[in-house]
Amino acid sequence: MSETSPKPRPLAGYNFGYLDEATKRMIRRALLKAVCIPGHQVPFGAREMPLPYGWGTGGIQVTSAVLGPSDVLKVIDQGADDTTNAVSIRRFFSRVAGVATTESTAEASIIQTRHRIPETPLREGQILVYQVPMPEPLFKLEPRVAESTKLHALADYGLMQVKLYEDIARQGEVGTSYNHPVMVNHRYLMSPSPIPAFDNPKMHMNAGLQLFGAGREKRIYAVPPYTDVRSLDFEDHPFKPVRAPHACAICGSEESYLDEVITDDAGGRMHVCSDTDYCASRPPLEDAP
Amino acid sequence: MYVSVKGGETAIGHAHAWLAEARRGDTALAELSTAQIEQQLSLAVDRVMAEGACADRGLAALALKQARGDSTEAAFLLRAYRTTLPRFGYALPVDTAAMAIHRRISSTYKDLPGGQVLGPTFDYTHRLLDFALEAEGLAAPPPAAEAKEEAGRMPAVTAILAQEGLMAPDLASDAEPPDITREPLAFPADRALRLQAMARGDEGFLLSLGYSTQRGYGNAHPFVGEIRMGEVRVEIEPPELGFAIDIGDIMVSECQMVNQFAGTAEAPPQFTRGYGLVVGQNERKAMAMSLVDRALRAPELGEAATAPAQSPEFVLYHCDNVESTGFVEHLKLPHYVDFQSELEKIRAIRARWFAERAP
């Protein structure tokens, strides 16, 4: 199941990885700039892709720009390799690039993800490509891009601190449970993309290279390996990553992030790992469903 | 028994097979050819061509056929295709005064050089369903009367006003035009960039925004100086030749909206222009675009910009239907990881809420 598939024959009539080389070079320039200024959003000339905006076009363009023939690609959505959009994107790259694909986090050289960071820690040399819907962490507080750009230039993140403070004052805790903003390298406020807050700590001092692509919003940003990434919080209200207080019904993990699955219409539910590769790599419980 | 809710490759394959079958419809009926679509659904083709930003009626007809008549999906297909095409350079500005006119009307003058030409318009038709069209094998409609040939150029109404100094001039520029297909939108966006974005923008969105300026959200006082529709020559000037060559004709719709302007300490009171140009026959969009263009000029004319149609970020970031539909429709992708975190969050907040109110 998690073994790497053999390389398929790429689709005739398309450049390796779909995008033409000039476009890839443009994207790689934006990526280099993004790596040099961790957390800073770099505008790039995003192209229309044969998949819809909002379905991972930014991540796909970043993957296309960094993908080489010897790479091994893993694509996950909600942590799982077998969700429809992950299947669709993985199939896209096997068609247009003919690269080997895998479901194993450890065997992949590039992992494109939507909404999760794999449970298995990345190692040096691996690249994690995030699909990003709204790259601007301040957009709900300041929708005007011209204004939020100024706030970043001035490192003026008071708006977000006040928002978190108001959450705590009203409801006793911070209101964001996913897409919780992070400070990167003590300088830029960054959207971690809509990953659960549970995953935020994995970004800090990560050995892998983390690249973020927002196609519709035409922005790229990056967190280089071993970069300081702090979830925004207060000294007296420290950041709390949250997971459902249960064990996985299949592998028994009490550390992994869980999906809640409704099993009947009488309140029956079970919890299973959202990261399917992590779950499958562990011995199943004797009474696993 | 735990039944996985996750989909897979087989499900996608089956869905696509069903889609292909649904697209074809009842096989007892003859298949629609792209030539028929191009000829008989020509305004749908023109809309797809404009929003797909690719002036090719054949490809737009194919996109409509593949998209089962869904114009937004068809525009998306055309966009995804056009972005793969190599670019050879820029055309010279088209000269709409030299247009081969199919239609030209002004609502500001009863008569003017070149005259009023109604052309193939729905205006003044009575919107009664014509049940005769339901029958098949109808005889072809008799040929319409030929207009007498107009000689030479048909000057724009706004140019006539400009001769008297009543129309604020639009400054020509030789600067390389911005290109939203290669560079991301950046603000402040100059007028060329705004017009470019609106020319491929969604007709419905621009229509509603234009309408809003007439209803007080933007303080518009528009007159249709002129609408014209017809074929214009497209020329390019290859650097190695040093002179322009004609690469073909395209149909365009143009609207010049005349608006009041109170004047400032520096500029005398005069009329100002709202401009709309759309590839193909699409007068409604050209008119709406010219209203929004004028509304977006508020800051440069020293007017207060308070309405949505006067906000460049609001208009330009949201007028693209391929972007809009992608992001709206992405909500149907799985979000259960985020929703799970929301469940835990609301359970915790509710527990605190009830604990605080416990007797």
Side-chain angles (χ1 to χ4, degrees), chain A residues 14 20 26 43-55 57 77-80 82-85 87-88 91 114-116 133 143-146 171-173 175-179 194-198 216-219 242-245 249-250 257-261 263 270 272 274 276 289, chain B residues 1-9 11-12 15 53 73 76-84 86 179-188 311-314 317 320 322-331 333-349 352-353 356:
Chain A
Y14 287 93
D20 60 280
M26 174 273 293
F44 81 113
R47 303 293 192 250
E48 272 106 357
M49 299 298 285
L51 280 77
Y53 285 120
W55 298 53
T57 54
D77 186 344
Q78 314 294 302
D82 61 349
T83 36
T84 38
N85 205 39
V87 169
S88 167
R91 197 162 65 166
R114 175 168 173 266
H115 294 191
R116 275 310 311 273
R144 293 170 297 178
V145 176
Q171 57 196 31
E173 61 183 274
T176 47
S177 57
Y178 62 94
N179 208 349
I195 57 173
F198 174 83
R216 189 178 38 76
E217 298 286 332
K218 301 170 181 61
R219 297 284 189 279
V242 177
R243 72 185 281 281
I250 295 173
Y257 192 77
L258 300 174
D259 286 342
E260 184 170 321
V261 181
T263 51
M270 60 185 277
V272 293
S274 117
T276 46
Chain B
M1 178 64 194
Y2 167 47
V3 181
S4 170
V5 289
K6 289 161 183 170
E9 204 142 356
I12 294 175
E73 177 71 21
F76 177 26
L77 285 168
L78 209 51
R79 290 264 195 103
Y81 174 77
R82 83 176 288 290
T83 197
T84 65
D179 184 350
I180 51 168
T181 69
R182 301 283 133 165
E183 300 293 330
L185 266 181
F187 292 88
S311 161
E313 282 207 23
F314 185 84
Y317 273 129
D320 190 300
V322 176
E323 291 178 6
S324 309
T325 197
F327 200 46
V328 167
E329 293 201 50
H330 107 284
L331 291 172
L333 289 180
H335 283 79
Y336 35 78
V337 162
D338 295 345
F339 188 67
Q340 183 62 42
S341 63
E342 289 282 272
L343 278 175
E344 296 305 331
K345 177 65 69 178
I346 198 164
R347 282 170 183 152
I349 292 171
R352 187 175 289 109
W353 189 90
E356 281 166 2

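So that the names make sense, note that chain A is the first sequence line, chain B the second, and so on, each numbered from 1.
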Engineer: Measuring heavy-atom distances to chain A, does B/Leu343 have an atom under 4.5 Å in its side chain, in its backbone, in both, or in neither?
Structural biologist: side chain

Engineer: Can you tell which part of A/Phe198 gets under 4.5 Å to a heavy atom of chain B, answering side chain, backbone, both or neither?
Structural biologist: neither

Engineer: Quick one: what part of B/Tyr317 sits under 4.5 Å from any heavy atom of chain A, side chain, backbone, both or neither?
Structural biologist: side chain

Engineer: For B/Asp338 and A/Gln78, work out which heavy atoms get closest and say how close.
Structural biologist: N-OE1, 4.4 Å

Engineer: Do B/His335 and A/His115 come within less than 4.5 Å of each other through their side chains, counting heavy atoms only?
Structural biologist: yes

Engineer: Taking all non-hydrogen atoms of both residues, which atom of A/Ala244 and which atom of B/Glu344 are closest, and how far apart?
Structural biologist: CB-OE2, 3.1 Å

Engineer: Go through the atoms of A/Arg116 and report whether side chain, backbone, both or neither lie under 4.5 Å from a heavy atom of chain B.
Structural biologist: side chain

Engineer: At their closest point, which heavy atom of B/Glu342 faces which heavy atom of A/Ser177, and how far apart are they?
Structural biologist: OE2-OG, 2.6 Å

Engineer: Measuring heavy-atom distances to chain A, does B/Ala348 have an atom under 4.5 Å in its side chain, in its backbone, in both, or in neither?
Structural biologist: both

Engineer: Which bit of B/Phe76 is near chain A, if near means a heavy-atom gap under 4.5 Å: side chain, backbone, both or neither?
Structural biologist: side chain

Engineer: Please flag which part of B/Ile12 lies under 4.5 Å from any non-hydrogen atom of chain A: side chain, backbone, both or neither.
Structural biologist: side chain

Engineer: Does any heavy atom of chain A fall under 4.5 Å from the side chain of B/Arg182, the backbone, both, or neither of them?
Structural biologist: both

Engineer: Look at A/Pro194, A/Ala46, A/Pro50 and state which one has the largest set of heavy-atom pairs under 4.5 Å with chain B.
Structural biologist: A/Pro194

Engineer: If I measure from the heavy atoms of chain B, does A/Thr176 come under 4.5 Å with its side chain, its backbone, both, or neither?
Structural biologist: backbone

Engineer: Using a cut-off of under 4.5 Å for heavy-atom pairs, which of A/Leu51, A/Val145, A/Ile195, A/Asp20 has the most such pairs with chain B?
Structural biologist: A/Val145

Engineer: Ignoring hydrogens, what is the shortest heavy-atom contact between B/Gln340 and A/Leu258? Give both atom names and the distance.
Structural biologist: CG-O, 3.2 Å

Engineer: Identify which of A/Phe44, A/Tyr178, A/Tyr14 forms the greatest number of heavy-atom pairs closer than 4.5 Å to chain B.
Structural biologist: A/Tyr178

Engineer: Looking at A/Met49, A/Arg114, A/Lys218, which one has more heavy-atom pairs under 4.5 Å with chain B than the rest?
Structural biologist: A/Arg114

Engineer: Could you report the tightest heavy-atom contact between A/Tyr257 and B/Val337, atom names first, then the distance?
Structural biologist: OH-O, 2.9 Å

Engineer: Side chain, backbone, both or neither: which part of B/Val328 has a non-hydrogen atom closer than 4.5 Å to chain A?
Structural biologist: neither

Engineer: Looking only at non-hydrogen atoms, find the nearest pair between B/Thr181 and A/Arg47 and report the distance.
Structural biologist: O-NH1, 3.6 Å

